[in-house]
Amino acid sequence: MKFQTIFKTAALTGLALAGTSALAHVGADGSAHHGFLTGFLHPITGLDHLAAMLAVGVWSAMTTRRLWLAPVSFAVLLLAGALLAQAGVAFPAIEPMIAASMLVVGLLLAAQVKLPEAAGAVLVGAFALFHGAAHGQELGGSAALAGMVLGTAVLHAVGIGMGLGLKRSSVWLPRVAGAVVALMGVNMGLGLLAG
């Protein structure tokens with residue numbers, strides 16, 4: 001086994017065990033953050049969102065022909081969830097649904113599940129509403145939301161690139177990555193239960 005492969009596996013396992021709560025959500029002060037750059041960095045700096053969005057891209061690249069469909073659905077419904085949250089629509093169980101999204105998308109990737117493309121887009125889109133609601137509670141203004149959508153698109157594009165590369169070079173590494181994301185979801189869920 002190559003050193004790089006061992007390092008990647010160890011790093012992914014460490015990420016799965018890090019932190020028990022969502023990292024990019026409303027803080028104690030509940031204040032909104034503004035600006036394009038803040039919005040752009042928001043999905044990237046939250047480990048739960050980062051893992052879920054990369055996993056959507058990797059899974060889509062590895063299991064579908066229209067590899068853009070699920071990521072576009074995610075980005076559009078992420079924005080919809082943020083706008084709904086900012087308009088005062090209350091989403092139940094945001095944090096548990098984000099944990100569930102990581103568990104489900106991670107398992108889909110680990111098992112290399114090939115859903116009908118529309119079904120996959122609907123599934124990840126439904127989870128994206130909750131990710132969007134979490135972001136929408138913390139971000140304010142159209143510039144921040146535009147940044148959030150672009151940051152999400154970049155993560156999906158990186159995930160798709162990773163998925164295409166892994167599809168050609170490794171059979172088991174995407175499965176390990178999916179298992180790590182699923183474990184992150186379980187870890188987050190257990191943290192929510194304990195908290």
Side-chain angles (χ1 to χ4, degrees), residues 5-25 43-64 67-75 77-78 81 93-117 119-135 151-167 169-194:
T5 304
I6 293 169
F7 178 77
K8 289 176 187 174
T9 303
L12 289 171
T13 303
L15 287 174
L17 301 175
T20 58
S21 64
L23 301 176
H25 305 164
I44 296 169
T45 58
L47 187 57
D48 53 339
H49 296 292
L50 175 71
M53 292 174 199
L54 287 173
V56 166
V58 173
W59 172 69
S60 185
M62 298 200 72
T63 62
T64 65
L67 50 92
W68 53 268
L69 189 60
V72 167
S73 172
F74 193 105
L77 289 168
L78 176 83
I94 291 174
E95 300 290 334
M97 287 301 292
I98 290 172
S101 75
M102 294 169 62
L103 174 63
V104 170
V105 173
L107 290 175
L108 289 172
L109 178 57
Q112 298 292 296
V113 175
K114 294 183 180 187
L115 296 176
E117 290 172 343
V122 168
L123 177 65
V124 299
F127 285 130
L129 284 169
F130 291 90
H131 283 266
H135 289 306
T152 297
V154 167
L155 289 174
H156 287 318
V158 169
I160 288 170
M162 291 168 62
L164 291 173
L166 290 170
K167 191 175 187 177
S169 66
S170 177
V171 173
W172 65 270
L173 193 55
R175 294 179 187 275
V176 170
V180 168
V181 173
L183 285 173
M184 290 174 70
V186 169
N187 190 39
M188 181 180 169
L190 291 174
L192 292 170
L193 289 174

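No experiment lies behind these values; they were computed from the predicted model shown. Numbering of residues begins at 1 and proceeds along the displayed sequence.
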### Message
When you compare the side chain of L78 with that of M53, does any pair of heavy atoms fall below 4.5 Å?
### Response
yes
### Message
Can you give me the closest heavy-atom contact between I94 and A134, atom names plus distance?
### Response
CG2-CB, 3.8 Å
## Note on the structure
Shortest non-hydrogen pair, G120 vs W59, comes out as CA-CH2, 3.8 Å
### Task
Supply the atom-to-atom distance M102 CE to L47 CG, rounded to the nearest 0.5 angstrom.
6.5 Å
### Task
With the side chain counted from C-beta on, respond yes when V56 and H156 share a heavy-atom pair under 4.5 Å apart, and no when they do not.
yes
### By side-chain contact (heavy atoms from CB on, under 4.5 Å) - contacts of L77 (at least two apart)
S73, A80, A128, L129
### Task
Would you give the length of the straight line joining atom CD1 of I44 to atom CG of L54, rounded to the nearest 0.5 angstrom?
9.0 Å
### Task
Heavy atoms only: give me the nearest Q112-P174 pair and the separation to one decimal.
NE2-CB, 4.0 Å
### Task
Taking the side chain as every heavy atom from C-beta outward, state whether H49 and I98 have any pair of such atoms under 4.5 Å apart.
yes
### Residue pair V124 / F74: nearest heavy atoms and the distance that separates them
O-CD1, 3.5 Å
### Query
Does S170 use its side chain to pair, donor to acceptor, with the backbone of L166 at less than 3.5 Å?
no
### Message
Under the rule for side chain to side chain donor-acceptor pair (under 3.5 Å), what residues qualify as partners of S101, not counting sequence neighbours?
### Response
H131
### Closest approach of G189 to A99 (non-hydrogen atoms, all atoms of both residues)
N-CB, 3.8 Å
### Query
Are L123 and V104 side-chain neighbours, meaning at least one heavy-atom pair lies under 4.5 Å?
yes
List, one per line, each side-chain donor-acceptor pair under 3.5 Å for residues 175-182, sequence neighbours excluded.
| unit_1 | atom_1 | unit_2 | atom_2 | d |
| --- | --- | --- | --- | --- |
| R175 | NH1 | A110 | O | 3.0 |

### Query
How about V113 and T63: do any of their side-chain heavy atoms sit closer than 4.5 Å?
no
### Query
Rounded to the nearest 0.5 Å, how far does CD of E117 lie from CG of L115?
10.5 Å
### Query
Is V158 close to L155 at the side-chain level, that is, under 4.5 Å between some pair of heavy atoms?
no
